[in-house]
Protein chains: 2
Amino acid sequence: MNVNFNNRDPVYLQIVRYFKEKIAVGELMPGEEIPSRRELANRMKVNPNTAQRAYKEMEEQGLIYTEKNHPSKITTDRKTLGKVRDELLVEAVDMFVTSVRSINVPVEELLDLVRVKYTANDDKEA
Amino acid sequence: MNVNFNNRDPVYLQIVRYFKEKIAVGELMPGEEIPSRRELANRMKVNPNTAQRAYKEMEEQGLIYTEKNHPSKITTDRKTLGKVRDELLVEAVDMFVTSVRSINVPVEELLDLVRVKYTANDDKEA
DNA sequence: CATAATGTATTAATCATATAATACACCTAA
DNA sequence: TTAGGTGTATTATATGATTAATACATTATG
């Protein structure tokens with residue numbers, strides 16, 4: 001449960017993203033139970049209300065569901081889950097392209113920069 | 001003087017970025033005068049203090065300099081100017097790679113996504 | 001000289017976010 | 001049965017960043 005919060009984005013959104021990443025890489029399975037609001041708040045050292053807000057957001061997006069008096073669970077809707085990875089990717093690509101478009105960089109130079117940086121970071125995973 | 005402000009980042013930083021982009025693509029030349037704080041505030045419909053803060057930031061980064069009672073000017077230090085483009089690029093690439101690393105996407109898939117999106121946007125420039 | 005424009009500084013107000021403190025209804029499990 | 005754990009909701013407070021309002025000193029320029 002390691003999350004590196006930045007100061008820029010709201011904490012509750014960073015929590016949502018944390019779960020989306022877990023879903024995208026398959027670490028969270030359909031129907032799997034996730035920590036209760038209070039439990040998560042303890043682990044992440046945030047206020048229970050912040051955890052609640054994150055879960056509420058995820059519920060509205062259909063990523064989790066909640067049965068009475070049970071910790072929420074990952075949705076069993078495969079279609080919804082399948083979209084998560086693509087959405088994260090598309091969102092990142094869109095933001096990136098938007099931010100570099102104004103610089104007028106040749107596409108090949110841009111791709112090289114990404115390739116070098118991305119493969120360099122592979123080391124850290126090993 | 002068209003700037004599309006987003007709600008996420010501080011306006012004064014978006015102004016700084018606006019000028020950096022102009023510098024990066026060579027639209028602003030060394031020694032060139034830029035609008036006064038009040039003038040810029042008028043054009044961009046922001047508070048003069050916001051313009052002041054942006055200019056102060058640029059001054060601290062060595063991008064502009066100010067002589068008494070004259071609008072600030074772009075620095076004549078070519079070295080400083082030359083770095084701007086690279087810094088914008090590296091910064092964007094770093095952020096992008098960081099955000100997609102957690103998704104474990106194959107590098108070629110990632111590059112394809114960027115290529116498609118980036119070249120698709122070329123149309124809008126024409 | 002004097003008006004107006006410049007940069008600069010100080011203080012106040014605003015705003016979103018996050019946290020805090022409680023409370024409530026429900027249910028599980030010992 | 002009951003003690004403790006669920007989710008949920010409400011209200012208040014704190015905090016930091018941002019923006020706004022205002023004032024000040026300087027100087028170019030007509």
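Letters go in sequence order (proteins before strands), and every chain restarts at 1.
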Any A:Thr50 side-chain nitrogen or oxygen under 4.0 Å from OP1 or OP2 of C:dA18: no
Residue closer to the 5' end of DNA chain C, A:His70 versus A:Pro10 (nearest nucleotide): A:Pro10
Length of the line joining A:Asn42:CG and D:dG5:C1', which is rounded to integer Å: 13 Å
Short side-chain donor-acceptor distance under 3.5 Å, B:Arg37 and B:Ser72: yes
Closest to side chain of B:Pro71, choosing from C:dG7, C:dT19, D:dG7: C:dG7
Presence of B:Thr66 side-chain N/O under 4.0 Å of C:dG7 phosphate oxygens OP1/OP2: no
Interatomic distance, B:Glu67 CD vs D:dT26 C1' [rounded to whole Å]: 14 Å
Close side-chain approach of B:Val93 to A:Tyr118, heavy-atom, < 4.5 Å: no
CA sep, side-chain torsions, deciding dist, call: A:Tyr55, A:Phe19, ring-ring contact (aromatic ring centres under 6.0 Å, His included): CA-CA 10 Å; A:Tyr55 278 26; A:Phe19 280 98; 5.8 Å; yes
Interatomic distance, B:Arg37 CZ vs D:dT19 C1' [rounded to whole Å]: 17 Å
Minimum-distance nucleotide to B:Asn49 side chain [options: D:dT19, D:dA20, C:dC26]: D:dA20
Interatomic distance, B:Glu33 CD vs C:dA5 P [rounded to whole Å]: 15 Å
Nearest-angstrom distance from the residue atom NZ of A:Lys56 to P of D:dG7: 15 Å
Separation of D:dT11 P from A:Gln52 CD (nearest whole Å): 16 Å
Pair A:Asp112 + A:Arg115, salt bridge at N-O below 4.0 Å: yes
Between CG on residue B:Leu88 and CD on residue B:Glu21, distance to nearest 0.5 Å: 6.5 Å
Euclidean distance, atom CD of residue B:Glu57 to atom P of C:dT8 [Å, nearest integer]: 14 Å
Sugar-phosphate only, base, or nothing, as touched by A:Arg53 at under 4.0 Å among non-hydrogen atoms: nothing
Minimum-distance nucleotide (side-chain atoms of A:Lys68 versus D:dG7, C:dA18, C:dC26): C:dC26
Touch class at under 4.0 angstrom, heavy-atom based, for A:Tyr12 against every strand present: sugar-phosphate
Side chain of B:Arg38 - closest among C:dG7, C:dA18, D:dG7: C:dG7
Interatomic distance where CD belongs to B:Glu39 and P belongs to C:dG7 [whole Å]: 10 Å
Nearest to side-chain heavy atoms of B:Asn69, which nucleotide of C:dA5, D:dG7, C:dT8: C:dA5
Out of D:dT19, C:dA18, D:dG7, whichever nucleotide has its closest atom nearest the side chain of B:Val11: D:dT19
